[in-house]
*Asks:* 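Mind looking over this structure? Questions follow.
Here the structure is a predicted model, which is why all the values come from computation and not from measurement. Just so we're on the same page: letters track the sequence lines, and every chain starts at 1.
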Amino acid sequence: MVYMWSMLYLLRNDPEKIKASQRARGLDESLVDKALELDLKWRKTLTRVNELRREHNKISREIATLSGEERIKKLEEARKLAERIEFEERVLRDLEEERTRVLLGIPNVIHDSVPIGRSEEDNVPIRFYGKPKVYREFLDEFLRQVKGFNVDYEVIDWKPKGHADMLDFLGLGDTVKAGEVATSRFYYLFDDLVWLDFGLLLYAIDFLSQQGFRVILTPYMLRRSAYEGVTTLSDFEEALYKIDGEDLFLIATSEHSIAAYHMNDLMDEDDLPLLYAGVSACFRKEAGAHGKDTKGIFRVHQFNKIEQFVFCMPEESWDWIERLIGNAEKLWSGLEIPYRVVNICSGELSAVVAKRYDLEAWMPAQGKYREMVSCSNCLDWQSYRLNIRFQRKGKKGLERGYVHTLNSTAIASTRAITAILENYQEPDGCVIIPKVLRPYLEMFKKAPKEVIYPVKSKVGKRN
RNA sequence: GCCGGGGUAGCCUAGCGGUAAGGCGCAGGCCUGGAGAGCCUGUGUCCCUUCGGGGACUCGCGGGUUCAAAUCCCGCCCCCGGCGCCA
């Protein structure tokens with residue numbers, strides 16, 4: 001069995017598969033032919049260089065045993081050969097760089113089960129949970145999003161407040177002041193919402209640690225060389241904050257620091273899978289999102305997140321993606337928040353990912369299902385770039401290859417809070433606390449236990 | 001930040017201008033009633049192959065000197081110890 005980098009393997013053995021993936025993503029498929037040609041040239045050149053080097057090594061070895069005329073003659077010969085080798089090596093290096101550049105630029109090859117499509121509209125819902133509260137005016141919109149599934153729902157005649165309005169109404173959040181001192185998309189949260197934030201995180205790590213996930217706190221910054229292994233170049237401009245004057249980037253998710261944790265590692269098959277429940281703040285520029293979700297805390301530059309991360313054997317990753325989305329569903333059905341799981345279409349997938357499920361919570365005030373969880377199989381896209389390998393006993397001694405990596409949100413705090421503020425909102429604006437979170441609030445004397453009520457701000461500037 | 005020591009194959013260790021030595025682990029083979037011990041071979045990356053094998057590369061990373069660099073020179077990264085600073 002061959003376990004080379006899957007992209008190079010496919011290029012040499014099944015280039016049509018890469019082309020089909022490129023087409024499905026709406027990208028240029030001629031890159032594949034270009035890579036194929038470069039690879040062929042590179043291999044030919046390498047063979048030639050190897051022959052020259054062999055000759056040079058032979059002469060060089062002879063020189064050590066010679067003296068006088070003979071030695072001088074061979075020295076001259078070696079010098080000339082070295083010049084030629086230098087030239088050919090430059091050609092080789094250029095070819096290799098170009099081939100690598102093209103290959104690294106090709107997005108992950110999508111899985112057969114990924115729906116072909118261009119936009120959000122082409123994502124395919126596969127499961128629904130819960131009984132959404134649907135405001136009468138959103139009924140058509142809701143039915144459209146249910147796409148023929150038989151989903152039980154409850155029509156309500158009062159319009160829930162949006163989560164942004166709820167921050168003001170409850171007096172527990174301030175995005176205006178945050179905008180003044182930081183920029184927009186930041187927030188101050190107070191009291192009950194802080195307890196709720198922590199409660200959500202604790203709930204998630206308590207659950208995941210019982211599923212065999214190792215709880216892990218990670219660096220909040222990574223150097224570029226590590227970061228290049230986990231994401232695409234465009235993310236460095238669009239998503240990541242850079243520390244001024246230093247080779248450091250704030251992490252957008254602990255997925256990145258966890259993947260990087262095993263950079264250059266070689267794992268025994270017996271050690272896999274490795275399961276991690278990452279705990280971290282996440283920092284995102286949201287550069288391409290002007291005008292979207294500008295109010296409130298749905299889309300922010302900084303939030304807390306519990307992340308599931310798996311390193312596994314290649315043949316197990318398609319099983320693991322189902323288990324990860326399953327874990328996320330257990331957490332969210334535990335919260336009793338209505339959601340649907342969608343299979344993300346080819347055109348919406350990032351380059352890193354071969355397949356992705358999103359878990360989208362029903363948002364009663366928006367009349368929409370909105371993304372809460374993103375669950376992805378990255379195959380060897382990250383592990384190749386980070387050089388994370390496994391070894392196993394094969395027929396001819398040890399076999400080595402690249403592990404597969406997967407990641408999935410468990411709970412991202414601010415988004416989960418928005419979902420709770422809208423789904424657990426009573427007509428009077430109070431918010432019931434999901435039962436499953438209550439144990440994690442019990443331990444704090446001042447934390448809310450059953451209901452979040454509006455408060456008058458002690459600062460008095462707002463409300 | 002300063003001074004010293006260090007980074008060698010999966011792990012540990014030698015080598016300090018002449019083409020990576022040794023040990024452990026692991027795999028295969030011999031031996032055995034079986035196991036162990038012992039002995040032999042192999043052990044990273046890549047290319048070519050008529051599938052027998054042949055060859056190149058690899059000593060933290062990147063340059064330089066040389067016919068030849070793990071070894072000498074320059075820059076950078078990381079680890080350990082000490083000093084300084086510090087929650």
*Asks:* Check whether A/Phe390 forms a cation-pi arrangement with A/Arg400 (NZ or CZ under 6.0 Å from the six-membered ring centre, at most 45° off the ring normal).
*Replies:*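 A/Arg400 over A/Phe390 ring: no.
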
*Asks:* Under 30°, 30 to 60°, or over 60°: which ring-plane class applies to A/Tyr276 and A/Tyr261, parallel, tilted or perpendicular?
*Replies:* perpendicular

*Asks:* Which way is the base of B/G52 turned, syn or anti, if we draw the line at 90° from 0?
*Replies:*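 This nucleotide is in syn.
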
*Asks:* Please report the distance, rounded to the nearest Å, between CD in A/Gln391 and C1' in B/A9.
*Replies:*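 From A/Gln391 CD to B/A9 C1': 12 Å.
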
*Asks:* To the nearest Å, give me how far apart CD (A/Glu55) and P (B/U19) are.
*Replies:*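 From A/Glu55 CD to B/U19 P: 19 Å.
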
*Asks:* Ignoring hydrogens and angles, write down the donor-acceptor pairs under 3.5 Å from the side chains of residues 79-95 of chain A, residues two or more places apart or on other chains.
*Replies:*
from, atom 1, to, atom 2, distance (Å)
A/Glu88, OE1, A/Arg48, NE, 3.3
A/Glu88, OE1, A/Arg48, NH2, 3.0
A/Glu89, OE2, A/Arg53, NH1, 2.6

*Asks:* Please list all pairs meeting salt bridge (Lys or Arg N to Asp or Glu O under 4.0 Å) that have one or both residues in residues 350-359 of chain A, counting only residues at least two apart or in different chains.
*Replies:* A/Arg356-A/Asp358, A/Arg356-A/Glu371

*Asks:* Of A/Glu51 and A/Arg93, whose nearest nucleotide on RNA chain B comes first from the 5' end?
*Replies:* A/Glu51

*Asks:* Using the test ring pair (Phe, Tyr, Trp, His ring centres under 6.0 Å), find all partners of A/Tyr384 that sit at least two apart in sequence or belong to another chain.
*Replies:* A/Trp5, A/Tyr402

*Asks:* Distance check needed: B/U19 C1' versus A/Lys58 NZ, whole Å only.
*Replies:* 16 Å

*Asks:* Under 4.0 Å between a side-chain N or O of A/Asn57 and OP1 or OP2 of B/A68?
*Replies:*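 Answer is no, no contact under 4.0 Å.
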
*Asks:* Please state how far atom CD in A/Glu96 lies from atom P in B/A56, giving the value in whole angstrom units.
*Replies:*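 These atoms are roughly 18 Å apart.
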
*Asks:* Can you pull out every salt bridge (Lys or Arg N to Asp or Glu O under 4.0 Å) where at least one residue sits in residues 9-26 of chain A? Sequence neighbours excluded, please.
*Replies:* A/Arg12-A/Asp39, A/Glu16-A/Lys19, A/Lys19-A/Asp33, A/Arg23-A/Glu29

*Asks:* Rounded to the nearest Å, what distance is computed from the CG atom of residue A/Leu266 to the C1' atom of nucleotide B/G25?
*Replies:*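 Distance, rounded to whole Å: 13 Å.
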
*Asks:* Just the table, please: protein N/O against nucleotides 78-80 of chain B N/O, every pair under 3.5 Å.
*Replies:*
from, atom 1, to, atom 2, distance (Å)
B/C78, OP1, A/Arg223, NH2, 3.1

*Asks:* Would you check if A/Val455 and A/Phe190 make a side-chain contact, meaning some heavy-atom pair closer than 4.5 Å?
*Replies:* no

*Asks:* Sequence neighbours excluded and cut-off under 3.5 Å, please list the side-chain donor-acceptor pairs for residues 68-77 of chain A, or say none.
*Replies:*
from, atom 1, to, atom 2, distance (Å)
A/Arg71, NH1, A/Ile63, O, 3.1
A/Lys74, NZ, A/Glu62, OE1, 3.3

*Asks:* So, using ring pair (Phe, Tyr, Trp, His ring centres under 6.0 Å) as the criterion, who are the partners of A/Phe213 when residues are at least two apart?
*Replies:*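 If we apply the ring pair (Phe, Tyr, Trp, His ring centres under 6.0 Å) test to A/Phe213, skipping adjacent residues, there are no hits.
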
*Asks:* Would you say A/Gln382's side chain and A/Val230's backbone share a donor-acceptor pair under 3.5 angstrom?
*Replies:* yes

*Asks:* So which protein N/O to nucleotides 65-67 of chain B N/O distances come out below 3.5 Å?
*Replies:*
from, atom 1, to, atom 2, distance (Å)
B/C67, OP1, A/Arg79, NH1, 2.4
B/C67, O2', A/His56, NE2, 3.0
B/C67, O2, A/Ser60, OG, 3.1

*Asks:* Starting at atom CG of A/Asn387, determine the distance to atom C1' of B/A9, rounded to an integer number of angstrom.
*Replies:* 13 Å

*Asks:* Check whether any side-chain heavy atom of A/His56 lies under 4.5 Å from a side-chain heavy atom of A/Leu52, and answer yes or no.
*Replies:*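 Contact flag for A/His56/A/Leu52 side chains = no.
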
*Asks:* I need the CZ-C1' distance between A/Arg53 and B/U58, as an integer number of Å.
*Replies:* 11 Å

*Asks:* Name the atoms and distances for all side-chain donor-acceptor pairs under 3.5 Å in residues 240-247 of chain A, with sequence neighbours left out.
*Replies:*
from, atom 1, to, atom 2, distance (Å)
A/Tyr241, OH, A/His301, ND1, 3.1
A/Lys242, NZ, A/Glu246, O, 2.5
A/Asp247, OD1, A/Arg224, N, 3.2

*Asks:* Nearest whole angstrom, please: distance from the P of B/C61 to the CE of A/Met263.
*Replies:*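 So the two atoms are 13 Å apart, to the nearest Å.
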
*Asks:* Could you work out, with ring pair (Phe, Tyr, Trp, His ring centres under 6.0 Å) as the rule, every residue matching A/His256, not counting sequence neighbours?
*Replies:* A/Tyr227

*Asks:* Quick test: give all pairs of protein nitrogen or oxygen and nucleotides 44-47 of chain B nitrogen or oxygen below 3.5 Å, distance rounded to 0.1 Å.
*Replies:*
from, atom 1, to, atom 2, distance (Å)
B/C47, OP1, A/Arg12, NH1, 2.7
B/C47, OP1, A/Arg12, NH2, 2.9
B/C47, O2', A/Thr47, OG1, 2.6

*Asks:* Would you say the ring centroid of A/Tyr188 lies under 6.0 angstrom from that of A/Phe186?
*Replies:* no

*Asks:* In dot-bracket form, 5' to 3', how is RNA chain B paired? Count Watson-Crick and G-U wobble pairs only if both distances fall under 3.5 Å, and write | where the partner sits on another strand.
*Replies:* ((((((((.[[[..)..(...]]]((((((.......))))))(((((....)))))..[[[[[..)....]]]]])))))))....

